[in-house]
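Below: the structure, in structure tokens.
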Amino acid sequence: MRLTILGGGGFRVPLVYGALLGDHAEGRVTRVVLHDVDASRLRAIARVLAEQAAGVPDAPEVTTTTDLDEALRGADFVFSAIRVGGLEGRAHDERVALAEGVLGQETVGAGGIAYGLRTVPVAVDIARRVARLAPDAWVINFTNPAGLVTEAMSRHLGDRVIGICDSPVGLGRRIARAVGARPREAWIDYVGLNHLGWVRGLRVGGRDRLPGLLADPALLGSFEEGRLFGLDWLRSLGAIPNEYLHYYYFNREAVDAYRRAERTRGAFLRDQQAHFYAGTDDPGVSALDLWDRTRAEREATYMSENREAAGAGEREADDLSGGYEKVALALMRAVARDERTTLILNVRNRGTLSPLDADAVIEVPCLVDASGAHPVSVDPLPGHATGLVCAVKAVEREVLAAARSGSRATAVKAFALHPLVDSVNVARRLVDGYTAVHPGLAYLA
């Protein structure tokens, strides 16, 4: 089976390949094609993968290419993990927003909108090429903003594109462990949009353990979200939010922490990864060891500003190992081998959340089999969550409209309607600022 990874020179690709090395079942991936627009990054990651594969019998063959059409032809699965504009683009997204006093996070608020406006046209082009060159392939989208990009691609690929994120999986794992349950034995009642969802139930052995968790200060303080949001707020919500909702519920504190930081997250990752990729040019250095050290630092500093603002302390050791590669592999196995499983994924709504239309991409538990991912019926969200989901989905639709039409006015509307952008005039200045620094937004007129 052939797997193509778009963004194949990306830093997290070795996580995916490492997961593939542990899969020895019939029907496994035997060939991996890495595609990237940057040949030097491809060389660096290919070297890491070669060290990972050393001594592993029947390790998947790895080839690299900068030709997108060549990469797609013959693919059974396509993992899309691109970053349009690179980490320099992310750093610009953060700085332009913070200069206006609003959040510039990669997927949330003004930064997420700017990233979406850059990424959607490229993702749509990829989707059209997949439909033409590999019509039977399944596309697993890692590219952020994951829900928005998946919805853009679904207009050309239908249900054969599925978005994934490790954030709800990590949340489910942490709360299951908090109540003494094995994560695989727990049913996580989770629903929302990507980076905008809530756990409303935690069923273990047929019993909902969430009320007991919310009532126990020691258990709530034992995992990251409990410390991040605080016991009183979680009890008021009667649910446990995805960590990214910290940007909404504690926006002022988050923006202040980001403005006080020595570097933005994007600038930190840009500098860190530049050191890594340059280091792989030294033949006397183990590229895999260098990657391991860099990854450990990356994971340990994830959302550090939010944890500092909340006094939440350092990340737990169990949360430093990633997880999205495990979701991707489980999804691919379920589809390719009909190994039925349940995963939290980004898929078309199909009536699951009644306030949204059928084609709106949501994040929800899905039953996965050879025919794809099927959203599970869920209870309605409470009013406050429904309002936020509908508002952010409306913004995503304006982003898609702006990317399709090239309308600058529609782009301004997208920024202005976001709950974390507090003025139409700020929205106008954001569009001015982003188009000035991003060549990829030159299409907005």
Side-chain angles (χ1 to χ4, degrees), residues 83-120 143-146 148 167 194-196 228-229 241-274 297-298 300-312 388 391-392 395-396 398-399 402 408 411-442 444:
R83 180 176 290 282
V84 180
L87 286 169
E88 184 63 42
R90 177 173 177 177
H92 283 315
D93 290 344
E94 294 163 336
R95 287 195 297 267
V96 169
L98 289 173
E100 292 294 337
V102 297
L103 186 71
Q105 202 275 335
E106 177 188 23
T107 63
V108 178
I113 295 171
Y115 189 23
L117 287 169
R118 284 202 312 282
T119 305
V120 165
T143 301
N144 278 325
L148 171 65
S167 186
N194 181 237
H195 289 179
L196 192 79
L228 190 63
F229 292 101
N242 183 295
E243 61 200 342
Y244 282 82
L245 274 151
H246 191 266
Y247 293 114
Y248 292 87
Y249 294 145
F250 297 91
N251 179 254
R252 183 173 298 195
E253 293 82 357
V255 171
D256 182 60
Y258 272 70
R259 296 182 86 170
R260 287 187 286 104
E262 180 181 345
R263 287 179 293 179
T264 66
R265 178 66 173 171
F268 166 77
L269 292 175
R270 176 199 62 202
D271 298 343
Q272 184 207 46
Q273 291 189 22
E297 182 186 29
R298 172 195 174 109
T301 56
Y302 173 72
M303 290 189 77
S304 59
E305 293 84 1
N306 300 70
R307 285 185 279 106
E308 177 189 348
L388 192 51
V392 173
V395 171
E396 291 184 355
E398 296 298 335
V399 172
R408 189 184 190 93
V412 169
K413 186 179 178 184
F415 283 101
L417 291 179
H418 198 282
L420 301 184
V421 176
D422 58 357
S423 166
V424 174
N425 287 330
V426 168
R428 290 172 177 144
R429 292 197 296 271
L430 286 169
V431 173
D432 290 342
Y434 285 130
T435 54
V437 297
H438 287 311
L441 294 180
L444 293 174

Can you name the nearest heavy-atom pair linking Pro145 to Asn194, along with the distance? C-OD1, 4.5 Å
Restricting to non-hydrogen atoms, name the atom on Val412 and the atom on Ala427 that form the minimum distance, rounded to 0.1 Å. O-CB, 3.7 Å
Are Thr264 and Glu106 side-chain neighbours, meaning at least one heavy-atom pair lies under 4.5 Å? no
Is the side chain of Thr119 donor-acceptor paired with the backbone N or O of Gly116 at a distance under 3.5 Å, no angle test? no
Please find the pair of heavy atoms, one from Tyr247 and one from Ala254, that lie closest to each other, and give the distance. CD2-CB, 4.0 Å
Hey, what do you get for OH (Tyr258) to CZ (Arg265), rounding to the nearest 0.5 Å? 8.0 Å
Side chains of Leu228 and Phe250: does their closest heavy-atom pair fall under 4.5 Å? no
Step-by-step salt bridge (Lys or Arg N to Asp or Glu O under 4.0 Å) determination, Arg95 to Glu88: CA-CA 11 Å; Arg95 287 195 297 267; Glu88 184 63 42; 3.4 Å; yes
Exactly one of Arg83, Arg270, Arg118 clears salt bridge (Lys or Arg N to Asp or Glu O under 4.0 Å) with Asp93, and that residue is Arg118
Please list, chain by chain and in numerical order, all residues satisfying ring pair (Phe, Tyr, Trp, His ring centres under 6.0 Å) with Tyr115, sequence neighbours excluded. none
Looking only at heavy atoms, the pair that brings Ala267 and Ala91 closest together is N-CB, 3.9 Å
Nearest-0.5 Å distance that lies between atom OG1 in Thr301 and atom CD in Gln272: 6.5 Å
Closest non-hydrogen atoms of Ser167 and Glu243, given as atom of the first, atom of the second and distance, are OG-OE2, 3.1 Å
Is the side chain of His418 donor-acceptor paired with the backbone N or O of Leu420 at a distance under 3.5 Å, no angle test? yes
Compare all side-chain heavy atoms of Val96 with those of Glu100 and state whether any distance is below 4.5 angstrom. no
Non-neighbouring partners of Asp271 that pass side chain to side chain contact (heavy atoms under 4.5 Å, CB included), sequence neighbours left out: Arg263
Can you find a heavy atom in the side chain of Gln105 that is under 4.5 Å from one in the side chain of Tyr244? yes
Hits for side chain to side chain contact (heavy atoms under 4.5 Å, CB included) against Ala110, two or more places apart or cross-chain, chain-then-number order -> Ala97, Val102, Phe415, Val421, Leu430, Tyr434
Please walk me through it: do Lys413 and Val431 pass side-chain contact (heavy atoms from CB on, under 4.5 Å)? CA-CA 10 Å; Lys413 186 179 178 184; Val431 173; over 6 Å; no
From CZ (Arg428) to CG (Asn425), nearest 0.5 Å: 5.5 Å
What pair of heavy atoms forms the shortest contact from Glu396 to Leu148, and how long is it? O-CD1, 3.6 Å
Just wondering, do Leu196 and Asn242 contact through their side chains at under 4.5 Å, heavy atoms? no
